[in-house]
**Student:** 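Following this message is one structure expressed as C-alpha cells.
Quick caveat, the model's predicted, so the values are computed rather than measured. Values below: all heavy atoms of this structure, side chains included; hydrogens, waters and symmetry mates excluded.
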Amino acid sequence: MEIVACPKCQSDSIVKSGVIKDRQRYLCKKCNYYFTVNKLGKKIDSYYVTKALQLFLEGLSFREIERIIGVSHVTISNWVKEYKVTKPNHTDYHPTYKIYNHMELVEFLKNKDQLKGAGMIITELGDKFMLIKWERFKD
C-alpha cells in the first residue's frame with residue numbers, strides 16, 4: 001500500500017521515517033506530523049450492510065440474518081448500533097421468511113390463496129430471492 005498524502009494536512013510531501021512494530025512510519029515535511037499506515041482490515045460490501053439492516057427492520061433476529069447473509073451476528077449487531085437503527089413494534093403481526101430461486105418464486109406467486117391475508121415483500125439476495133410475509137397472530 002502506497003501512502004500518497006498526510007492524513008492531517010493532506011500534503012503529498014511525505015518521507016519515510018523509520019519502522020515501529022513492523023509498520024512503516026512516515027513524516028510530513030509540511031506539518032511535521034508523524035504517522036503510520038492504518039490497518040484496513042476486511043471490508044464488507046455495503047450491499048450486505050443494507051440488506052442486513054433491512055432484514056433487521058423486517059423483524060428477523062441477528063442469528064437469522066447471519067444464516068441468510070453469511071455475516072456474523074455480532075457484526076450485524078454492531079451495524080445496528082452504528083447506524084442507530086431501531087426496530088418498530090410488531091405486536092399484531094409476525095414475520096416469516098423463505099428463500100426461493102426464480103422458478104420457485106414464480107410457482108409460489110401463482111397460487112392466489114397464499115397471497116391473501118398477509119403483507120409481503122420480495123427482496124433480491126444474491127442470485128436468490130427472499131420473501132418476507134407478515135401474518136396476523138391468531139387469538
Side-chain angles (χ1 to χ4, degrees):
M1 173 178 216
E2 192 63 33
I3 299 297
V4 293
C6 170
K8 190 173 180 182
C9 71
Q10 306 306 321
S11 169
D12 60 352
S13 59
I14 57 174
V15 292
K16 289 184 177 181
S17 182
V19 176
I20 295 178
K21 294 183 183 177
D22 297 326
R23 292 173 63 192
Q24 181 64 54
R25 189 171 186 206
Y26 296 91
L27 168 66
C28 175
K29 291 287 205 172
K30 186 174 180 183
C31 68
N32 289 327
Y33 180 69
Y34 288 93
F35 60 96
T36 58
V37 179
N38 290 334
K39 183 177 175 186
L40 290 178
K42 184 178 174 185
K43 296 288 183 187
I44 296 178
D45 189 359
S46 62
Y47 170 81
Y48 292 104
V49 177
T50 304
K51 283 295 176 191
L53 295 176
Q54 285 174 343
L55 295 174
F56 174 75
L57 286 172
E58 301 305 336
L60 276 66
S61 72
F62 293 143
R63 292 198 186 258
E64 289 173 318
I65 299 168
E66 174 184 28
R67 286 185 213 107
I68 293 166
I69 294 182
V71 176
S72 165
H73 66 277
V74 176
T75 301
I76 296 165
S77 172
N78 290 338
W79 290 338
V80 168
K81 289 175 191 171
E82 178 183 344
Y83 294 106
K84 296 176 179 67
V85 176
T86 56
K87 189 186 297 189
N89 289 335
H90 292 184
T91 55
D92 296 338
Y93 296 91
H94 63 88
T96 57
Y97 67 92
K98 184 124 174 138
I99 309 266
Y100 294 105
N101 65 29
H102 180 260
M103 292 308 297
E104 292 169 336
L105 182 62
V106 170
E107 288 301 316
F108 178 84
L109 294 174
K110 283 182 182 177
N111 186 351
K112 289 185 181 182
D113 292 334
Q114 294 180 2
L115 303 179
K116 291 181 182 176
M120 68 178 69
I121 187 170
I122 300 170
T123 183
E124 182 183 6
L125 194 63
D127 62 341
K128 299 200 184 281
F129 299 92
M130 172 183 271
L131 181 125
I132 302 169
K133 190 174 183 182
W134 294 272
E135 298 175 313
R136 245 183 229 283
F137 283 114
K138 307 278 193 260
D139 289 333

**Student:** I need the minimum non-hydrogen distance between Phe129 and Glu124, along with the two atoms involved.
**Tutor:**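 Taking every non-hydrogen atom into account, CD2-CA, 4.1 Å.
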**Student:** So with a 6.0 Å cut-off around CZ of Phe108, is the heavy-atom count from everything else above 12?
**Tutor:**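 More than 12 heavy atoms, drawn from other residues, nucleotides or ligands, come within 6.0 Å of this atom.
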**Student:** Give the intermediate values and the outcome of side chain to side chain contact (heavy atoms under 4.5 Å, CB included) for residues Leu53 and Leu57.
**Tutor:** CA-CA 6 Å; Leu53 295 176; Leu57 286 172; 5.6 Å; no
**Student:** Cut-off 3.5 Å, side chains only: do Ser11 and Lys29 have a donor facing an acceptor?
**Tutor:**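 The criterion, which ignores hydrogens and geometry beyond distance, is not satisfied for Lys29 and Ser11.
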**Student:** Measure across Thr36 and Arg25 and return the closest heavy-atom pair with its distance rounded to 0.1 Å.
**Tutor:**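 Smallest interatomic distance, heavy atoms only, reads CG2-CA, 4.0 Å.
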**Student:** Taking all non-hydrogen atoms of both residues, which atom of Gly18 and which atom of Gln24 are closest, and how far apart?
**Tutor:**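 The answer is O-NE2, 2.8 Å.
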**Student:** Please confirm whether Tyr34 and Tyr26 have ring centers closer than 6.0 angstrom.
**Tutor:** no
**Student:** Where do Glu104 and Ile99 come nearest, in terms of heavy atoms and distance?
**Tutor:**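 What the structure gives for the nearest pair is OE1-O, 4.2 Å.
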**Student:** Taking all atoms of both residues into account, what is the closest heavy-atom pair of Ile14 and Ala5, and its distance?
**Tutor:** CD1-N, 4.3 Å
**Student:** I'd like to know if Arg67 pairs up with Glu64 as an ion pair, taking the criterion as any Lys NZ or Arg NE/NH1/NH2 lying under 4.0 Å from an Asp or Glu carboxylate oxygen.
**Tutor:** no
**Student:** Can you confirm whether more than 12 heavy atoms, excluding those of Tyr47, are under 6.0 Å from its OH atom?
**Tutor:**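 More than 12 heavy atoms, drawn from other residues, nucleotides or ligands, come within 6.0 Å of this atom.
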**Student:** Got a second to check how far Leu55's CG is from Tyr48's OH, nearest 0.5 Å?
**Tutor:** 12.5 Å
